[in-house]
Amino acid sequence: MLDIKQLRRRPDDFKRALGRRGLDAPLDEFIELDRKLREVIAESEEKKAWRNRASGEIAAARRAGIDATDKIKASRKLGEMIKALDLMARDIEKQLDDIVLELPNPPLDDVPDGADESGNVQVRAWGSPAGFDFKPRPHWEIGASLDIIDQERGSKVAESRFTLLKGAGARLERALINFFLNLHTTEHGYTELFPPILINSESMRGTGQLSKFAGQEMYKLRDDDLYLNPTAEVPVTNIYRDEILAEEDLPVYVTAYLPSFRREAGAAGRDTRGLIRQHQFNKVELVKFVRPETSSGELEALTLNAEEVLKRLELPFRTVSLCAGDLGFAAAKTYDLEVWLPSYSGYKEISSCSNFLDFQARRLNIRYRSGGGKPRFVHTLNGSGLAVGRTFAAIIENYQNEDGSVTVPEALKDYMGMERIG
RNA sequence: GGAGAGGUGGCAGAGUUGGUUGAAUGCGGCGGUCUCGAAAACCGUUGUGCCUCUACCCGGGGCACCGAGGGUUCGAAUCCCUCCCUCUCCGCCA
C-alpha cells in the first residue's frame with residue numbers, strides 16, 4: 001500500500017512513477033475523494049466534540065438534580081447527524097481503498113525501463129552450460145526411467161500437476177530442503193521458521209495475495225476462512241503484523257521451508273510436463289525485516305544468498321534485473337535468478353528476490369521504534385532460496401549421464417548418501 | 001466434540017449498580033537530583049492512529065481506540081447480540 005499522505009502531497013510524482021509500469025493511475029479521482037473524506041470527517045468530529053461536551057453537562061445537571069430534557073433532545077438529534085456522516089465517511093473510505101489497494105509499488109530509480117520480460121536486464125551470469133556429447137533428455141524422461149518421478153500416480157492420488165517422488169527422488173527432494181536450510185541458517189545468519197500451512201484471509205490480504213486479480217490463484221478451504229499457503233512469504237511476513245519492533249532487533253533474517261500450493265489458473269498448456277509448474281511444490285523462502293536506510297544493500301545481500309545455493313550445486317545461472325513493466329505488484333525492485341535447463345535450451349526462473357520498501361509493511365502495519373521517537377515502517381524483502389522442484393529438475397538435467405544415470409552434485413553427496421542415481 | 005473461566009496500556013493488575021476513567025496501582029522504560037562512578041532513594045515523565053492549526057519537524061486543539069464487529073443510550077471498558085482468540089477440566093487423537 002502506498003503512503004496516502006505522500007500521494008496527497010505530490011500526486012504527479014506517483015503518476016509518473018506508476019507510468020513506468022505502463023499504468024495510468026486514477027489519481028485525480030483519488031485526490032477528489034480524499035478531499036471530500038477529510039471534509040466529512042472534520043464535520044463529524046466537530047459534532048462529536050459538541051456531543052461530548054453536552055454529555056458532561058447532562059451528567060452534571062443530573063447530579064445537581066436539574067432537568068436536562070432539552071439538552072438530551074438536542075444531543076439525540078446530533079447523534080443522528082453523526083451517524084449519517086460516519087456512514088458517508090465509510091462509503092468514501094471504501095472507494096478510496098478500492099483505488100489505493102490496487103495501486104502497485106512505484107519502481108525504484110535503478111530499475112530498468114521496459115514494458116515486459118524482454119526489457120529485463122542481465123546483471124551477471126555464473127558458470128557455463130555444459131555441452132553434452134550425447135543428446136540430453138528432459139528431466140521428466142530421466143525421472144521416469146529411473147523411477148524416481150511418477151507423474152501418473154501423482155495424478156491418480158490428486159490430479160494433474162501433482163507428482164509422486166520415489167526412492168532417490170524423494171530422498172533428493174528432502175536432501176535439497178535440508179541443504180538449503182542448513183546453508184542459510186549456519187552460513188548466512190537466517191533463523192529457521194516453520195509456520196502454519198493454512199493461512200487466514202487477513203494474512204493473505206496483508207501481503208497482497210488476495211487482491212482482486214490475484215485471488216484466483218489460491219486454494220481456499222470450503223468450511224473455513226483459510227487458504228493453502230501459496231508462498232512462505234505470506235505466513236512468514238505476517239508474523240509481525242500489527243507489531244512495533246525494537247530497533248536493536250533489526251535486521252531480522254528468517255528462512256522457512258514450506259510446501260506451496262497454487263491453482264495455476266490461466267497457465268493451461270504451459271510447462272505441462274515435469275516438475276516446473278506444479279500445484280504443490282516445495283520452496284525455501286528467505287525473508288528480511290530491515291531499517292529503511294539499509295534495504296537497498298539488503299536486497300543485494302539476499303540475492304547473493306540465493307545465488308550461493310546455485311554456486312554450491314555448480315548449476316549455471318544468470319541474474320536479471322526485472323524491468324518496470326515486469327515487476328510484481330508489491331515489488332519496488334526485483335532480481336530473478338534463472339538456472340540453465342537443457343530441456344528448455346535456456347534459462348528458467350528459479351528464484352525471485354524483491355525489495356518491497358515499506359509497501360508491505362504499511363499494509364501489514366509492521367513498524368519499529370527508532371531511538372525514543374515515533375514508530376516507523378520497516379522495509380521488507382524476500383526471495384526464494386530456492387524453489388525445490390525446479391532445482392530438482394535442474395540437477396537431473398545438468399548432471400545426467402549418457403547411460404541414463406545422474407551424478408549427485410558434490411554438495412549433496414552427504415545428504416543423499418550416494419554418488420549417483422541409477 | 002462436551003463443560004467452565006477469561007480477553008484492559010511494554011508487562012503485571014484495578015475498574016462491570018453506565019456519567020471529568022485514556023483508564024488507579026505496581027514493575028519496566030526515559031529524564032533529573034544525589035554519587036568519583038554505580039546501586040539505592042527521591043522528583044518528573046512515559047500508548048497508538050486519524051483530523052486540524054502553524055511552513056515540514058516541535059507544539060496546540062479535536063476525534064477515536066479497554067480482543068473484533070454490530071446494537072441499546074444524551075452518554076459504554078462497563079448493558080445486549082454475533083464472531084475470534086486464550087486458559088482449565090473431560091473426551092479423542094499424532
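Everything numeric in this text was worked out from a predicted model, so none of it was measured. Each chain gets a letter, A, B and so on, in the order its sequence line appears, and its residues count up from 1.
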> What distance, rounded to whole Å, do you find between the two C1' atoms, one in C89(B) and one in C30(B)?
Replying inline: 45 Å
> Taking the C1' atom of each, how far is G9(B) from U48(B), in whole Å?
Replying inline: 10 Å
> In whole angstroms, how far is the C1' atom of C85(B) from the CG atom of D225(A)?
Replying inline: 14 Å
>> Can you see whether S295(A) engages H379(A) through a side-chain donor-acceptor pair at a distance of less than 3.5 angstrom?
In response: yes
>> Holding to ring pair (Phe, Tyr, Trp, His ring centres under 6.0 Å), I want the full list of residues that pass it with F14(A), two or more places apart in sequence or in another chain.
In response: none
> Distance between the P atoms of C51(B) and U45(B), in whole angstroms?
Replying inline: 29 Å
> If we take the C1' atom in both C81(B) and G26(B), what is their distance in whole Å?
Replying inline: 36 Å
>> Please report the distance, rounded to the nearest Å, between CG in N200(A) and P in C83(B).
In response: 18 Å
> Does a donor on one side chain sit under 3.5 Å from an acceptor on the other, for D271(A) and Y344(A)?
Replying inline: yes
> How would nucleotides 49-68 of chain B be written as a contact map, 5' to 3', with B for base contact, S for sugar-phosphate-only contact and - for no contact, using protein heavy atoms under 4.0 Å?
Replying inline: SSBS---------BBS----
Using atom types as modelled, flag every donor-acceptor pair under 3.5 Å from a side chain in residues 324-334 of chain A to any protein atom, sequence neighbours excluded.
| from | atom 1 | to | atom 2 | distance (Å) |
| --- | --- | --- | --- | --- |
| D326(A) | OD2 | N120(A) | ND2 | 3.0 |
| K333(A) | NZ | D110(A) | OD2 | 2.7 |
| K333(A) | NZ | Y335(A) | OH | 3.0 |
| T334(A) | OG1 | S354(A) | OG | 2.7 |

>> Measure CG/D86(A) against P/G69(B) and give the value in whole Å, please.
In response: 14 Å
> Going by the angle between their ring planes, with limits at 30° and 60°, are H279(A) and F162(A) parallel, tilted or perpendicular?
Replying inline: tilted
> S75(A) and R51(A): side chain to side chain donor-acceptor pair (under 3.5 Å), yes or no, with the steps?
Replying inline: CA-CA 6 Å; S75(A) 208; R51(A) 183 181 61 183; 5.7 Å; no
> For the pair made of CZ in R76(A) and P in U72(B), what is the distance, rounded to whole Å?
Replying inline: 12 Å
> Considering residues at least two apart in sequence or located in another chain, which fulfil the salt bridge (charged side-chain N to carboxylate O under 4.0 Å, His left out) criterion with E397(A)?
Replying inline: none
> Nearest-Å distance, CG (N365(A)) to C1' (U48(B))?
Replying inline: 9 Å
>> When the C1' atoms of A77(B) and G67(B) are compared, how many Å lie between them, rounded to an integer?
In response: 12 Å
> Using the P atom in both, what is the distance from U35(B) to G49(B), to the nearest Å?
Replying inline: 40 Å
>> Between K71(A) and G56(A), which residue's closest nucleotide on RNA chain B lies nearer the 5′ terminus?
In response: G56(A)
> Considering all heavy atoms of both residues, which atom of L181(A) and which atom of T185(A) are nearest to each other, and what is their separation?
Replying inline: O-OG1, 2.7 Å
> With a non-hydrogen cut-off below 4.0 angstrom, is K83(A) in contact with a base, only sugar-phosphate, or nothing?
Replying inline: sugar-phosphate
> Using a cut-off of 4.0 Å on non-hydrogen atoms, how would the nucleic acid contact of S55(A) be classed: base, sugar-phosphate, or nothing?
Replying inline: base
> Between atom OH in Y240(A) and atom C1' in G10(B), what is the gap in whole Å?
Replying inline: 16 Å
> Using atom C1' of each nucleotide, how far apart are A64(B) and G75(B) to the nearest Å?
Replying inline: 15 Å
> Do N182(A) and T186(A) have side-chain atoms, one donor and one acceptor, less than 3.5 Å apart?
Replying inline: no
>> Distance check, P atoms only: G37(B) and G32(B), in whole angstrom units.
In response: 13 Å
>> Rounded to whole Å, please give me the gap between CD in E80(A) and C1' in U72(B).
In response: 14 Å
> Using a cut-off of 4.0 Å on non-hydrogen atoms, how would the nucleic acid contact of R90(A) be classed: base, sugar-phosphate, or nothing?
Replying inline: sugar-phosphate
>> So, using side-chain contact (heavy atoms from CB on, under 4.5 Å) as the criterion, who are the partners of T237(A) when residues are at least two apart?
In response: T207(A), E233(A), V287(A), F289(A), Q360(A), L364(A), T380(A)
>> Only Watson-Crick and G-U wobble pairs with both distances less than 3.5 Å should count. Give RNA chain B in dot-bracket notation, marking inter-strand partners with |.
In response: ((((((((.[[[..)...(.....]]]((((((.......))))))(((((((.....))))))).[[[[[..)....]]]]])))))))....
